[in-house]
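FYI, the numbering just counts along the sequence from 1.
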Amino acid sequence: RPYTECTDARCTVDTVVEDNSWSVEIFIPLQYVKDLFGRDSFKPGDKIRCNFYKICESKIPTEHYGSFTEIVSPVPNYNLPEFFAECVIV
């Protein structure tokens with residue numbers, strides 16, 4: 001579900017792009033995680049399983065997709081829990 005359906009909380013993203021690498025930090029409000037997982041309490045060290053992905057939504061010559069975890073599927077499908085990664089609440 002899009003987070004706007006769950007809460008008014010907003011995610012923020014910080015990126016660093018260098019010549020040969022890039023990195024992303026995603027800050028997800030705890031209230032969103034609580035609403036999405038239907039739990040009222042999380043504490044540092046708790047773990048959830050999830051995936052982060054990008055889908056090309058613009059009309060460009062080459063469709064492209066990206067995912068935080070490797071997904072083995074004949075067609076793009078980012079909702080396969082068996083390929084989700086473990087994330088830790090900090």
message: With a 3.5 Å distance limit and no angle check, can you tell me whether D35 reaches the backbone of Y32 through a side-chain donor-acceptor pair?
response: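 No; judged by distance alone, with no hydrogens or angles, the pair does not exist.
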- prompt: So do I48 and F42 actually touch side chain to side chain, heavy atoms under 4.5 Å?
  reply: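 Side-chain contact under 4.5 Å: yes.
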- request: For residues E18 and V16, determine if any side-chain heavy atom of one lies less than 4.5 Å from a side-chain heavy atom of the other.
  value: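 When only atoms from C-beta onward are counted, V16 and E18 do touch, with a gap below 4.5 Å.
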Would you compute the distance between atom [atom1] of [X] and atom [atom2] of [Y] and round it to the nearest 0.5 angstrom?
X: T69; Y: F84; atom1: OG1; atom2: CZ; value: 8.0 Å
X: Y78; Y: S73; atom1: OH; atom2: OG; value: 9.0 Å
X: F52; Y: C87; atom1: CZ; atom2: SG; value: 4.5 Å
X: I71; Y: N51; atom1: CD1; atom2: CG; value: 4.5 Å

field: E82 versus R49, closest heavy-atom pair with distance
entry: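 Heavy atoms only, the tightest pair is O-NH2, 4.5 Å.
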[X] and [Y]: same hydrophobic cluster, using ILVMFWY side-chain contacts below 4.5 Å?
X: I28; Y: V13; value: yes
X: F27; Y: V88; value: no
X: V72; Y: L80; value: yes

query: salt bridge (Lys or Arg N to Asp or Glu O under 4.0 Å) between K47 and E86: does it pass, once the steps are laid out?
result: CA-CA 6 Å; K47 298 174 183 175; E86 186 174 84; 3.7 Å; yes
